[in-house]
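To start, the structure under review is shown below, and the notes come after it.
Numbering starts at 1 and runs along the sequence shown. Fair warning: this is a prediction, and the values are worked out from it, not measured in the lab.
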Amino acid sequence: MNFVIVGTNFISDTLLKAALTVSEFTLYGVCSREVSTGEAFLAKHNQLDAKVFTNIEQVCADKQVDAVYIAAPNSLHMNYAISCLEAKKHVLGEKPSAANSAELTKIIKAAKQNHCLYMEAMMTTLLPNFERLKLAINKIGTPRKYIGQFSQYSSRYDKYKNGEQPNTFLPEFANGALVDLGIYPLYILIALWGPPNSVQASGILLDTGVDGAGDILLNYDTKQAVISYSKISQGDNFTEIQGEKGRIRIESVSLLKNITFIANNGSVENLSSEFDENYMRHEIVHFISTINAKSRESSVNTHKLSQHVMAVLDQARQQLGVVYPNDLT
C-alpha cells in the first residue's frame with residue numbers, strides 16, 4: 001500500500017522506521033515544504049526512490065497514493081485530512097486529530113462522504129499491552145481512581161526561556177502540554193471508562209497563551225480520575241488504576257512499557273508482553289488491515305472515542321483559557 005508521510009519531524013522518523021518492518025507498507029513519498037528537507041528525510045531512511053512533494057495539493061493529485069500519514073502541525077490537521085479524504089486517500093492523522101471538536105466533526109463527515117478510512121494515530125491503544133491491560137482490569141475489583149501522569153521537560157522550553165518562539169509553545173499551531181502529553185493518559189482513561197460526567201482543569205499558562213503544565217479532574221458516578229501533565233517539569237510518569245482489590249501500575253503511559261498488578265495483600269504480577277522497539281508498527285498494521293477489510297472506521301480508535309477525547313480537551317482548554325486561532329474561525 002502506497003503511503004505518503006506529511007511532515008519530517010521526529011514522530012515521522014519513528015513511524016517510518018517501524019512501518020518499514022510491515023510488509024504491506026510502501027513509502028511512496030514524503031511531503032515537506034522544502035525539497036532539500038524531504039530529500040534528507042528519505043536519505044536518512046534509505047528510501048531514495050520515494051518522491052518528494054512540497055504541498056498537500058500535489059499529494060492529493062497523485063493517483064498512486066493510497067494513504068497519507070499526517071504529522072504536520074496540529075493547526076493544519078483538519079485542512080490536510082479533508083483535502084486527502086476528498087481525493088479518496090485514506091488518512092492516518094497524528095494526535096490530536098484536530099484543533100477542536102468542530103474540526104474533528106468535519107474530518108469524520110469527509111471520511112464518511114468519501115468512503116475512506118480516517119483514524120486518529122493514537123499508538124497507545126493499539127499496542128499489545130493495551131489489550132493485556134483491558135483483560136486484566138477486573139483484577140482490581142470495583143474501580144475507584146485513575147491517576148495518569150505524563151510530565152516531560154521539553155528541550156524547547158529552554159529555547160522559549162531564551163526568547164525564542166518554538167512551535168510547540170505557540171497557539172497558532174494549536175499546541176500546548178495538554179494536547180502533546182496530557183492526551184496520552186486521557187486517551188487511555190476514556191478508552192477504558194468512557195466520557196466523564198464533569199471536567200475541572202487548572203494549569204500554568206505561558207506568556208504565549210498555551211499551557212505549560214496542568215491537572216484535570218474527571219468525575220464519574222462511582223470513580224474519579226486525575227490527569228497530571230507538564231512540559232516544563234520532569235516526572236517519573238507512572239500511571240495507576242486503583243480498585244477495591246488492588247491496583248494496576250503502568251510505566252510510561254504513552255508506550256505502556258511495563259504493566260504490573262499489585263494486590264492489596266502485596267502480591268505482584270507482571271502483566272506485560274515484551275516491549276517492541278518498533279512500537280508504532282502496530283498502528284500501521286491495524287490501519288492497513290482495516291482498509292483491507294473494507295472497513296472505514298477503526299474498531300479500536302473509533303470516531304466516537306476521538307470525539308469523546310476531543311470534547312474533554314475542548315472543555316479543559318476553555319477552563320484553562322487556552323484559545324487557538326482555529327477556535328475563532
Side-chain angles (χ1 to χ4, degrees), residues 1-31 45 47 50 53 56 59-60 62 64-72 74 76-78 80-98 104 107-131 134 183-184 187-188 191 254-256 276-307 309-310:
M1 189 171 292
N2 286 340
F3 278 74
V4 169
I5 293 177
V6 180
T8 57
N9 54 31
F10 78 95
I11 197 68
S12 298
D13 283 322
T14 306
L15 178 123
L16 179 55
K17 180 176 178 289
L20 291 174
T21 69
V22 178
S23 60
E24 291 188 78
F25 175 92
T26 299
L27 182 66
Y28 182 76
V30 63
C31 183
H45 296 278
Q47 297 291 304
F53 300 92
I56 201 69
V59 176
C60 293
D62 194 317
Q64 299 301 310
V65 177
D66 298 311
V68 180
Y69 168 63
I70 297 175
N74 300 341
L76 298 175
H77 283 185
M78 181 192 70
Y80 282 12
I82 290 176
S83 294
C84 292
L85 292 165
E86 290 180 343
K88 310 301 182 184
K89 319 296 186 190
H90 303 291
V91 173
L92 179 61
E94 192 49 65
K95 61 81 187 167
S97 51
L104 176 56
I107 292 173
I108 293 171
K109 181 180 179 180
K112 291 179 177 179
Q113 286 179 337
N114 291 282
H115 307 289
C116 288
L117 172 62
Y118 173 81
M119 187 181 91
E120 186 170 15
M122 173 51 74
M123 63 182 177
T124 311
T125 44
L126 294 163
L127 294 170
N129 273 347
F130 184 70
E131 192 62 33
K134 289 195 297 180
I183 191 174
Y184 285 106
Y187 217 98
I188 292 178
S254 62
L255 302 177
L256 304 181
D276 185 354
E277 292 296 335
N278 289 314
Y279 46 86
M280 293 188 82
R281 74 182 306 275
H282 301 286
E283 65 184 280
I284 291 291
V285 169
H286 177 77
F287 184 75
I288 292 174
S289 64
T290 302
I291 294 171
N292 288 340
K294 301 191 184 305
S295 177
R296 295 303 175 251
E297 183 176 355
S298 166
S299 60
V300 180
N301 290 355
T302 63
H303 294 162
K304 186 61 69 177
L305 175 55
S306 293
Q307 288 174 313
V309 172
M310 185 61 71

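Take His45 and apply the ring pair (Phe, Tyr, Trp, His ring centres under 6.0 Å) test, not counting sequence neighbours, and it matches Phe41. In this structure Glu94 satisfies the side chain to side chain donor-acceptor pair (under 3.5 Å) test together with Tyr69, sequence neighbours excluded. For Asp276, there are no salt bridge (Lys or Arg N to Asp or Glu O under 4.0 Å) partners at least two apart in sequence or on another chain. In this structure Asp62 satisfies the salt bridge (Lys or Arg N to Asp or Glu O under 4.0 Å) test together with Lys51, sequence neighbours excluded. Ser295 meets the side chain to side chain contact (heavy atoms under 4.5 Å, CB included) test with Thr290; sequence neighbours excluded. When the side chain to side chain donor-acceptor pair (under 3.5 Å) test is applied to Asn114, the partners found at least two apart in sequence or on another chain are Lys88. The ring pair (Phe, Tyr, Trp, His ring centres under 6.0 Å) search around Tyr28 returns none, not counting sequence neighbours. Residues satisfying the salt bridge (Lys or Arg N to Asp or Glu O under 4.0 Å) test with Lys109, not counting sequence neighbours, are none. Take Ser289 and apply the side chain to side chain donor-acceptor pair (under 3.5 Å) test, not counting sequence neighbours, and it matches no residue. For Glu277, the side chain to side chain contact (heavy atoms under 4.5 Å, CB included) test picks out Phe275, with sequence neighbours left out.
Contact of the Ile188 side chain with the Leu256 side chain is registered, since non-hydrogen atoms from C-beta on lie closer than 4.5 Å. Side-chain contact between Val59 and Lys89 is absent, with no heavy-atom pair separated by less than 4.5 Å. When side chains are defined from C-beta on, Ile284 counts as touching Leu92, because their heavy atoms get closer than 4.5 Å.
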I would like to know whether Glu283 and Met280 meet side chain to side chain contact (heavy atoms under 4.5 Å, CB included); could you show each step before the answer? CA-CA 6 Å; Glu283 65 184 280; Met280 293 188 82; 3.3 Å; yes
I'd like to know whether His90 forms a side chain to side chain contact (heavy atoms under 4.5 Å, CB included) with Phe287, so could you lay out the CA-CA distance, the side-chain angles of the two residues, the decisive distance to 0.1 Å, and finally the verdict. CA-CA 9 Å; His90 303 291; Phe287 184 75; 3.9 Å; yes
Carefully, step by step, assess Leu255 and Tyr184 under the rule side chain to side chain contact (heavy atoms under 4.5 Å, CB included). CA-CA 9 Å; Leu255 302 177; Tyr184 285 106; over 6 Å; no
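Distance check, rounded to the nearest 0.5 Å: CD1 of Ile108 to NE2 of His303 gives 5.5 Å. To the nearest 0.5 Å, atom CG of residue Leu117 and atom NZ of residue Lys112 are 12.5 Å apart. Separating the CD1 atom in Ile5 from the CG atom in Leu15 is a distance of 5.5 Å, to the nearest 0.5 Å.
Under the salt bridge (Lys or Arg N to Asp or Glu O under 4.0 Å) criterion, the residue pairs touching residues 12-25 are Asp13-Lys44, with sequence neighbours excluded.
Shown here for His77 and Lys95, the closest heavy-atom pair between the two residues is CE1-O, 4.2 Å. Nearest heavy atoms, Val4 versus Val65: CG2-CG2, 3.7 Å. Nearest approach of Ser12 to Gly7, heavy atoms of both residues: OG-O, 2.8 Å. For the residue pair Ala111 and Leu85, the shortest heavy atom distance occurs at N-CD1, 3.8 Å. Shown here for Ile11 and Ala71, the closest heavy-atom pair between the two residues is CG2-CB, 3.9 Å. Residues Cys60 and Ser83 come closest through the heavy atom pair SG-O, 3.4 Å.
Of the possible donor and acceptor atoms, one in the side chain of Arg296 sits under 3.5 Å from a partner among the backbone N and O of His115. With hydrogens and angles disregarded, no donor-acceptor distance shorter than 3.5 Å links the side chain of Asn2 to the backbone of Asp66.
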With a 3.5 Å cut-off and sequence neighbours excluded, list the donor-acceptor pairs that the side chains of residues 118-128 form with protein atoms.
{"unit_1": "Glu120", "atom_1": "OE1", "unit_2": "Tyr187", "atom_2": "OH", "d": "3.0"}
{"unit_1": "Glu120", "atom_1": "OE1", "unit_2": "Ser306", "atom_2": "OG", "d": "2.7"}
{"unit_1": "Glu120", "atom_1": "OE2", "unit_2": "Ser97", "atom_2": "N", "d": "3.0"}
{"unit_1": "Thr124", "atom_1": "OG1", "unit_2": "Ser254", "atom_2": "O", "d": "2.7"}
{"unit_1": "Thr125", "atom_1": "OG1", "unit_2": "Met122", "atom_2": "O", "d": "3.3"}
{"unit_1": "Thr125", "atom_1": "OG1", "unit_2": "Asn301", "atom_2": "OD1", "d": "2.5"}

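Between Phe3 and the choices Val30, Ile288, Val68, Val22, the side chain to side chain contact (heavy atoms under 4.5 Å, CB included) rule is met once, by Ile288.
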